[in-house]
Each structure stands twice: as C-alpha cells, then as structure tokens.
Amino acid sequence: MYRTHHCGELKIENVNENITLSGWVQKIRKLGGMTFIDLRDRYGITQLVFDLEKNTKLAEAATKLGREFVIKAEGKVVERSSKNPDMQTGDIEIIVEKLEIIKASETPPFTIEDESDGGEELRMKYRYLDIRRNPVRNALILRHKVSKAVRDYLDSKEFIEAETPYLIKSTPEGARDFVVPSRLSPGSFYALPQSPQVFKQLFMVGGLDRYYQIVKCFRDEDFRADRQPEFTQIDCEMSFVTQDDVIKMFSEMAKYIFKTIKGIEFEGDFPIMSYEEAINTYGSDKPDLRFGMKIHQLNSVTQNRGFKVFDDAEYVGGICVEGASNYSRKQLDKLIDFVKKPQIGAKGLIYAKYNEDGTFKSSVDKFYSQEDLKEWAKVFDAKPGDLLLVISGEKSNSLNALNELRLEMGDRLGLRKKDNFVPLWVVDFPLLEWDEDSKRFHAMHHPFTSPKAEDLELMDTAPGKVRANAYDFVVNGVEVGGGSIRIYDNELQHKMFDLLGFTPEESEAQFGFLMEAFKYGAPPHGGAAFGLDRWVALLNGSDSIRDVIAFPKNNTGRDIMIDAPAPIDNAQLNDLNLKISPTT
Ligand code: ASP
C-alpha cells in the first residue's frame with residue numbers, strides 16, 4: 001500500500017495513528033539532530049520528522065534524500081510543539097519509522113515553489129514540473145471547476161453536449177486554417193475547425209434545440225498577446241430565440257459561474273451598450289468598465305484658435321484623469337512616449353492641468369486662453385486637480401490611442417483591480433467591415449450572422465451601415481464571448497456571401513451543404529461561444545491564458561516541451577503526396 005492518507009489530510013484528531021504517506025520531497029531542513037522533510041502531493045504538505053538520537057540509520061537516510069524524490073514514509077502522527085496555522089496540516093507532524101525511496105530525482109531545473117526562479121520558457125519546457133507548483137495546479141483545478149459549473153448550468157437548461165468533427169472543411173471565423181493533408185485523397189486537405197459554427201447550426205436544423213460543447217478550436221493567427229493557436233470554447237446554440245433570449249440565457253450562465261467560483265452575486269441585468277457608444281466613449285468594443293475616465297470629443301471647443309494640428313484633425317478628443325494635475329514634466333513626457341509607440345500610433349499628446357487654484361497650465365497655452373481651457377474642462381466635467389490628456393488625428397486611430405492611454409492611466413492609478421468584475425454586453429455591431437487591402441467587405445463576426453431587420457434595406461444601398469444581430473460579452477476589458485442570431489434563409493445567406501465577394505459557385509462549393517440544409521425547414525436560431533481559457537484566466541487573476549492551459553504553446557506558436565511543429569520524414573511526405581519546396 002502506498003498511502004493511507006494524502007499529504008493535506010492529517011489533523012489533530014489523527015494524533016497517535018499509524019499512517020503511510022507517499023509524495024515528493026519539497027524541502028529538507030536539518031536542525032541539530034533533527035531532520036525535517038516537507039512531503040508534498042496535490043493535496044498539501046505534511047512535515048516528516050527524523051530524530052538522529054532515536055533512529056540514527058533512518059535519520060541519516062533522510063539527509064540523503066534530494067528535492068523531488070518520490071518517497072513513502074510510514075510513521076506515527078504526533079502533535080507539533082510549534083504549530084503552523086498557515087498550513088492545512090500545521091497542527092501535526094509524522095515521526096517516521098520506515099522510509100522507502102520509490103524514485104530518486106535529478107535536481108529540477110527550477111525551484112518548485114510558488115515563486116519559482118525559472119523563466120516562463122524554461123517552465124514550459126518542463127511543464128510537468130511546473131504543474132507541481134501551486135499556482136499552475138490551482139489554475140488547472142479552477143479550470144476544472146469552471147467547466148463543471150458550465151456543464152451543470154447548461155445541463156439544467158436542457159442543453160445537450162454533442163461533439164462535432166475536427167477534420168472538416170474551412171469554417172470562416174476570420175483567421176487562417178490549420179490544414180491536415182489527406183493520404184487517401186492525394187492533394188486534398190482537411191481544415192481544423194476555427195469553431196464548430198456550421199455544425200452547431202446544422203444541429204438546430206436537426207431539431208436538437210439546445211446544444212453546447214466545450215471544444216477545442218484552431219486558428220492560425222499571427223502572434224497576439226492573449227492568443228493561442230488552439231484554445232477552448234464553450235460553444236452554444238439555441239433554436240427559436242431572439243437576441244434578448246440569448247443574452248438572458250448567458251447572463252445567467254455568467255452569474256452562475258461568478259457565484260459558484262467566486263461567491264459573487266450580481267443584482268439585476270448586466271449593462272448593454274451599443275458598439276457605437278463603446279467606441280465613442282471608450283475607444284474600444286471591449287470597454288473596461290471598472291473605472292470611468294470616459295473619452296470626450298473636443299472638436300467643437302478646440303477649433304479656430306490658430307492651432308493647426310487640431311484645426312486640421314478629423315478628430316480631437318481626450319480623457320480627464322482625476323487628481324493628476326500634479327503630474328511632473330517627466331511623468332508627462334513618459335505618457336507622450338507611451339502614446340507615440342508604434343502599436344499605439346498617436347502623433348503626440350497635449351495636456352492641460354486644471355490646477356488646484358482653478359488656473360490652467362497646458363502644453364498649448366500659446367493658442368488657448370484660460371477661458372478656452374475652461375471650456376475644455378466643462379466638456380469633461382473636470383474639477384481643479386484634474387489632468388486633461390488630448391489626442392488628435394484620424395478618428396479611429398485617435399480613439400484607439402485614447403483607449404490605450406485610458407487603460408494605461410487606469411493601471412497607473414490602480415483602478416483595474418483583478419478581484420473587481422464588471423461585465424457588460426456590447427451589441428449592434430456593424431455587420432460588415434471594409435478591408436482596404438483586399439478592397440472588399442469582411443464579415444465583422446462571421447458570414448452566418450443576420451442583419452438587423454430594420455437595416456435590411458441598407459444591404460443594397462449602404463452595406464457598411466448595416467448593423468448585425470451580434471453581441472459580445474465583455475468583462476474588465478476582455479472579450480470573454482460573443483455570438484449572433486443567424487441567417488436561416490437561403491436568399492439572405494446568398495446575399496451575404498455575395499456582399500463578401502464569394503461568387504455563387506464559390507459559396508456553393510464551400511457552403512452548399514448549409515444552403516441545402518436550409519431548404520428543409522430551418523428554425524430561427526442563434527448562439528454564442530465563450531473562451532474557456534479567458535474565463536478561467538479572468539477568474540484566476542492571470543494576465544495570460546497560457547497560465548491556465550495545461551500544455552500551452554509559446555508566443556511563436558511552438559510547443560517547446562515536445563518540440564512541435566517539426567519536420568516529418570520523407571516516407572511520411574511520400575505517403576501524403578507532399579513535397580517541401582526549399583524556403584528562400
Ligand atoms: N462561432 C463564433 C466564434 O467562434 C461564436 C458564435 O457565433 O457562436 O466566435
């Protein structure tokens with residue numbers, strides 16, 4: 001028998017019991033004639049004691065153990081003289097009577113402690129060791145709990161968990177496909193699903209009514225901080241629903257998750273904000289509502305004072321940072337550098353300090369009088385002591401930069417607390433997005449998203465203005481999920497494909513099966529998908545989804561533990577009818 005108890009279990013009630021524990025050696029300490037070992041398993045740590053005087057041989061054996069050795073220890077539970085209230089098992093220790101080394105260990109490449117000395121890449125290479133650390137193991141346990149809460153909630157609402165295939169034909173979610181060559185059909189490829197989108201719609205045509213799946217999705221995207229080439233979605237679809245029905249169902253799911261996992265109860269409905277409002281007031285379609293600092297447009301109060309930069313700008317706007325009028329020259333210079341970074345892209349930053357004495361000091365005093373600056377302050381509803389930060393230029397670029405600046409200031413002022421959760425829905429997204437490079441429209445969500453009934457006429461006259469029945473669920477500036485009410489009418493779906501630049505032949509070749517299905521009585525349907533990794537990262541207080549994925553890829557898409565992707569040998573290439581052309 002390897003163990004009678006686990007390492008997080010023994011309490012004062014167990015004193016005098018003879019027990020057996022197995023686990024990993026976390027730490028060895030020698031104090032005079034005594035040797036103490038912290039024995040660790042998934043459940044906790046128990047202190048083992050070896051007394052040189054009482055059992056010399058055993059105590060000497062104990063000093064020969066190394067970190068991460070797997071051992072079995074038999075002994076008696078005794079009460080500790082100096083108790084450790086921070087430890088689950090801190091009231092007791094084990095006087096070891098028999099010790100067995102089950103498996104020795106090499107010295108691990110980094111310390112298996114909460115704060116490890118190993119960098120992220122090293123820990124990824126030895127992820128199985130990283131998983132022994134509390135932060136990683138706890139993240140995986142949290143992930144399990146979130147998945148379970150999701151399953152419990154959806155099961156209670158009659159959702160059926162059904163699987164969909166991984167070897168399919170392309171699903172357009174806006175990224176590149178990962179492809180898998182077919183041996184049996186030389187020259188042909190499967191695509192890995194970017195999401196089960198089309199299949200879940202076909203489940204609705206199949207009358208399943210409510211479907212969900214916790215499922216892997218694959219998207220070949222260029223590196224972005226919070227992306228992984230494979231990630232997990234909570235994918236859902238419902239029949240006979242409107243946008244309001246879907247929002248209600250998944251607001252309740254979110255509340256259930258917050259309650260079950262964090263014990264947080266939300267009263268009332270989550271706010272619903274239009275895309276337009278989100279962009280104009282936060283510069284982002286995923287606003288972080290943990291703090292205010294809204295963006296205000298200033299064109300009307302900045303014109304015709306001889307300041308050409310503002311006069312010529314399509315957009316002038318800014319934020320008001322409460323209580324920051326004492327920002328030093330150096331601090332302001334840092335902010336100017338920040339907004340000028342290429343990924344933020346502003347040309348510059350104008351500031352106006354609203355001093356405590358009611359006067360103003362700005363970087364454009366040459367052009368704007370105290371009266372003028374007072375007008376600016378009015379737009380923001382600013383008070384003495386506040387700092388106004390203003391950016392100008394092309395509208396969407398400026399809003400984008402203001403969003404980044406707002407988040408930066410939120411961070412600096414400590415307004416983005418990880419344990420404060422502020423969810424909202426963003427709705428009324430544009431159906432289509434113009435792409436300058438390809439000179440055509442792209443679906444903002446995906447091609448199966450329906451236009452708003454009241455905007456249908458615009459499909460012919462001003463497609464860029466059509467709003468979609470699409471919605472995103474956003475928490476603390478993170479897009480946790482999104483979905484739409486779908487097109488279920490062939491004619492409209494064809495029109496959409498047409499607007500997206502598919503010829504009838506192309507749409508037939510790619511989605512003929514869906515068009516065919518819609519001929520046989522398709523119910524109105526809609527759904528959403530939520531990023532499980534993002535949900536868990538958020539609840540775990542992690543900045544990166546890598547922290548909550550068991551075996552993540554690094555930021556160039558490599559699995560550095562198993563060393564993938566990797567070349568395949570010629571025999572395999574021949575089997576697949578593939579030839580690799582030399583890279584230039
Ligand atoms: N398939 C969509 C996505 O992966 C979600 C949805 O529309 O349900 O983003």
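Below, each value reflects all heavy atoms present in this structure, side chains not excepted, and no hydrogens, waters or symmetry copies. We number each residue from 1, following the sequence as shown. Numbering of ligands and ligand atoms starts at 1, following listing order.
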Protein residue, atom and distance nearest to atom 3 (C) of ligand 1, heavy-atom basis: Glu173 OE1, 3.5 Å
Check: Glu237 N/O within less than 3.5 Å of ligand 1 N/O: no
Side-chain donor-acceptor pair present, Thr232, Arg143, cut-off under 3.5 Å: yes
Close aromatic pair by centroid cut-off 6.0 Å: Phe203 and Tyr211: yes
Note: Lys341-Asp337 ion pair, threshold 4.0 Å (strictly below): no
Pairwise side-chain contact, Asn476 with Val422, heavy-atom cut-off 4.5 Å (strictly under): yes
Short N or O distance, His445 and ligand 1, threshold 3.5 Å exclusive: yes
Residue pair Tyr282 / Asp288, side-chain donor-acceptor N/O under 3.5 Å: no
Close-contact set for ligand 1 against Ala529 heavy atoms, below 4.0 Å: 5 (C), 8 (O)
Proximity of Arg486 to ligand 1 by residue part, where a heavy atom lies under 4.0 Å: side chain
Contact atoms of ligand 1, heavy-atom distance to Ser195 under 4.0 Å: 1 (N), 4 (O)
Within-4.5 Å side-chain heavy-atom neighbours: His144 and Leu140: no
Part of Gln194 with heavy atoms under 4.0 Å of ligand 1, whether side chain, backbone, both or neither: neither
Donor + acceptor pair across side chains of Gln213, Thr164 (<3.5 Å): yes
Which of the ligand 1 atoms, numbered from 1, are nearer than 4.0 Å to a heavy atom of Lys200: 6 (C), 8 (O)
Backbone or side-chain N or O of Asp235 under 3.5 Å from ligand 1 N or O: no
Ligand 1 contact by Arg219, heavy-atom criterion under 4.0 angstrom: yes
